[in-house]
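Just so you know, these numbers use all the heavy atoms, side chains as well, and skip hydrogens, waters and symmetry mates. Protein chains get the first letters and strands the later ones, always in sequence-line order, with residue 1 at the start of each. Quantities reported herein were computed from a predicted structural model and do not represent experimental measurements.
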Protein chains: 2
Amino acid sequence: MKTLLLSQKEAMSLITMKDVVEIVEKNFRGMGEGNVINPTKVNLDLGETSPYPPYAGYMNAMPAYIGWENVAGIKWAGGALGKRKALGLPYISSMMFLVDPVTLQFKSVMDSAMITNYRTGAQSAVAMKYLTKKRNITFGLYGAGMQARTQVMAFAEIFTLNKIKVYDVYTPAAEKFKKDVAQYVKNGNIEICSVPRDVVEDCDAIVAVTQAQKPIVEDSWIRPKQVFFPMGSWQECTDEFILNADKIVVDHIGQCLHRGALKHVVSEGKFSEKDIYCTIGELVAGKKKLAYVEDRPAERTICIPIGTGAQDVAVGGVIYQRAIAKGIGGSFQFV
Amino acid sequence: MKTLLLSQKEAMSLITMKDVVEIVEKNFRGMGEGNVINPTKVNLDLGETSPYPPYAGYMNAMPAYIGWENVAGIKWAGGALGKRKALGLPYISSMMFLVDPVTLQFKSVMDSAMITNYRTGAQSAVAMKYLTKKRNITFGLYGAGMQARTQVMAFAEIFTLNKIKVYDVYTPAAEKFKKDVAQYVKNGNIEICSVPRDVVEDCDAIVAVTQAQKPIVEDSWIRPKQVFFPMGSWQECTDEFILNADKIVVDHIGQCLHRGALKHVVSEGKFSEKDIYCTIGELVAGKKKLAYVEDRPAERTICIPIGTGAQDVAVGGVIYQRAIAKGIGGSFQFV
């Protein structure tokens, strides 16, 4: 049997952000209903936090089974600074296998770095759809890299963005970002903030997509009715804000307890599974109820869609079907 | 950057069982010394034990970093009965990614089903080398499938096989096996046993490579100085034998506690990490001492090399180097 090979360019030519937003929502529903299976990812530390090997990187193995597509797959994705950055390569490197879950034959191998960026944007945008009644919002961003761009693209599929406020440690990056995403914002209304604190004022949703290794956002900055999405691998807000937040919603409990925003408070024994209100999947599937932020006027919400292989595999499955239908991609007989 | 693609046939044309035995030994040493990193594999259950999805299969994600080769990779491998078996496909389906651990660029995608079979044979053969002084042995086998063949091939690299005794639930499989592996045994001396108990008598090493879902080998059968290798995904010997064995050696503690021979006694609370004497890596690296079975004349030993991604990735790394040197394989530009 031949296996379909898809480059990043080919894969992304077959899907739009609108598609990805729809797939991600359907997939959250499947996770809530139990027909999307997503084991906790396993990390290979290549020096991101471990002393050996000393390469300032990591790779995460993220397998999943998607019931509504009847496909299984795995994304192997990671990031590295150091030499990778020096070569001018993007932070994320990622590939994916898809198999027929019945015969285990390998259907496809594809690049999945841009899929990762797209679904990461879609995850928070879809979550926000279930957290607020508003469809016109002011949007705050920490970080002005590739993932900030896909956040904007995804939010713009569901919301009218009245304004974007953005902060990046490297101001020229924020300036380039402003030009690149102007088309997604009403009247190109984008404000570059010179200090982190200025971002949050008036925002409905605030997304942090940074490589920051210490907290940026402080407890006192975030106001009632605001939703904060810390998407980074490290903790982008203070322990205090996490512990004082009124509702915390995540995409995957096992993963969120061991990576990203919650890792530190969990390791300190200050936070555990019982402090998570519900999953995004439970909200989308209607298995758990959470009032819209407008109806919880005193509450502050943190939402952490840290990223699941299920979202990648589901997007990959749709790309695969379209590639076959259109005859796009290469092929190789591995066995 | 182009990624090298290797079919099963191409990959296996670049390596011999002798090579694999050498790589596996070197890799055990690396695991013992700490420069081979092997996180516990993560299982995607496709109906092997879970009710949903109902496909009688599984896939294991097995990432690793190999210090002595400076390569990182992941094998995604599984097995399925049902439709896969009906199609006449081998039980194991497996592919592997290799990356440069510094830049995270994907160097290769290759089939790894036969690599899995080869390294599985080599793992127990190399372990036996460190457990006995003998280099002439009588070898017992439960199961006469592909993995039984690679066990024989690997043991024959280290030992003179005076005799093989084999049992398979399906006698014609044992008869075909006898013909296929005759070349690896002194005078083609292979005895097909009609009942499981007959295998163990006089054997130095007994390897179980079956798909049995309940114990075959009983406590009373195994004698002092014998080494039993239960290699299956399920428990191939009774709880009683595991609990009465004098020394238990494994390849990977985390994995062995949660899959295969030890899973049941661990889940019953009768066995824990402290009951494992040491790892094969610790033996090979000289970090732990265990007298040869001849010098422990009253003791019975169980050795469980359940299989690590590190062994696959290390073999894949050597195959990759040779493929590049010889210009073998296809290529594809994924990104």
Side-chain angles (χ1 to χ4, degrees), chain A residues 3 5-9 34-35 37-47 50 52-53 55-57 59-65 67 70 72-74 76 78-80 82-84 87 89-90 92-95 97 99-106 109-111 113-114 330 332-335, chain B residues 3 5-9 34-35 37-47 50 52-53 55-57 59-65 67 70 72-74 76 78-80 82-84 87 89-90 92-95 97 99-106 109-111 113-114 330 332-335:
Chain A
T3 299
L5 312 173
L6 290 170
S7 70
Q8 182 173 115
K9 200 172 164 184
N35 48 47
I37 312 293
N38 195 110
T40 295
K41 64 180 92 170
V42 58
N43 177 262
L44 179 67
D45 196 330
L46 298 168
S50 67
Y52 178 86
Y55 301 135
M59 293 295 290
N60 279 331
M62 304 166 73
Y65 168 74
N70 202 30
I74 190 170
W76 200 40
K83 190 176 166 194
R84 183 170 174 84
L87 288 171
L89 296 169
I92 291 175
S93 178
S94 177
M95 293 260 281
F97 287 129
V99 299
D100 179 315
V102 183
T103 66
L104 304 188
Q105 288 174 303
F106 281 77
V109 185
M110 67 179 79
D111 182 89
M114 279 306 290
F332 192 77
Q333 184 143 4
F334 286 97
V335 66
Chain B
T3 300
L5 311 174
L6 290 170
S7 69
Q8 182 173 114
K9 199 172 164 186
N35 49 45
I37 311 293
N38 195 109
T40 296
K41 63 181 92 169
V42 58
N43 177 262
L44 179 67
D45 196 331
L46 298 169
S50 66
Y52 178 87
Y55 301 136
M59 293 295 290
N60 279 332
M62 304 166 72
Y65 168 74
N70 202 29
I74 189 169
W76 201 41
K83 189 177 167 195
R84 183 170 174 85
L87 288 171
L89 296 169
I92 290 174
S93 179
S94 178
M95 293 259 282
F97 287 129
V99 299
D100 179 315
V102 184
T103 66
L104 304 187
Q105 288 174 302
F106 281 77
V109 185
M110 67 179 79
D111 183 89
M114 280 306 290
F332 191 78
Q333 184 142 4
F334 286 98
V335 67

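For chain A, the nearby parts of B:I74 are the backbone and the side chain; heavy atoms of each come within less than 4.5 Å. In this structure, chain B has heavy atoms under 4.5 Å from both the backbone and the side chain of A:L5. At a 4.5 Å heavy-atom cutoff, the contact between B:L6 and chain A is made by backbone atoms alone. Proximity to chain A (any heavy atom under 4.5 Å) is shown, for B:S50, by neither the backbone nor the side chain. Within the 4.5 angstrom heavy-atom criterion, atoms from both the backbone and the side chain of B:L44 approach chain A. With a 4.5 Å cut-off on non-hydrogen atoms, B:Y65 touches chain A through its backbone and its side chain both.
By the 4.5 Å heavy-atom criterion applied to side chains, B:F97 and A:V109 are counted as neighbours. Contact annotation: the side chain of B:M114 never approaches that of A:V335 to less than 4.5 Å [non-hydrogen atoms, C-beta and beyond]. By the 4.5 Å heavy-atom criterion applied to side chains, B:P39 and A:N43 are not counted as neighbours. Side-chain contact between A:D45 and B:I37 is absent, with no heavy atoms from C-beta onward closer than 4.5 Å. For the pair A:V99 and B:W76, the minimum side-chain heavy-atom distance is below 4.5 Å.
Rounded to the nearest 0.5 angstrom, B:L104 CG and A:L89 CG are separated by 9.5 Å. Rounded to the nearest 0.5 angstrom, A:S93 OG and B:F106 CZ are separated by 4.5 Å.
Ranked by heavy-atom pairs shorter than 4.5 Å toward chain A, the options B:A64, B:G47, B:A56 are led by B:A64. For the set B:G79, B:G57, B:P53, the count of heavy-atom pairs under 4.5 angstrom toward chain A peaks at B:P53. Ranked by heavy-atom pairs under 4.5 Å with chain A, the first of B:M110, B:M95, B:K83, B:Q8 is B:M95. Among A:G82, A:A72, A:A113, A:G34, the residue making the largest number of heavy-atom pairs under 4.5 Å with chain B is A:A72. In terms of non-hydrogen atom pairs under 4.5 Å with chain A, the most contact-rich of B:K9, B:Q105, B:M62, B:K41 is B:Q105.
When atom types are taken as modelled, the side chain of B:T103 and the backbone of A:R84 share no donor-acceptor pair closer than 3.5 angstrom.
Judged purely by distance below 3.5 Å, without hydrogens or angles, the side chains of A:N70 and B:Y55 pair a donor atom with an acceptor atom.
By the side chain to side chain donor-acceptor pair (under 3.5 Å) test, A:T40 pairs with no residue at all, sequence neighbours left out.
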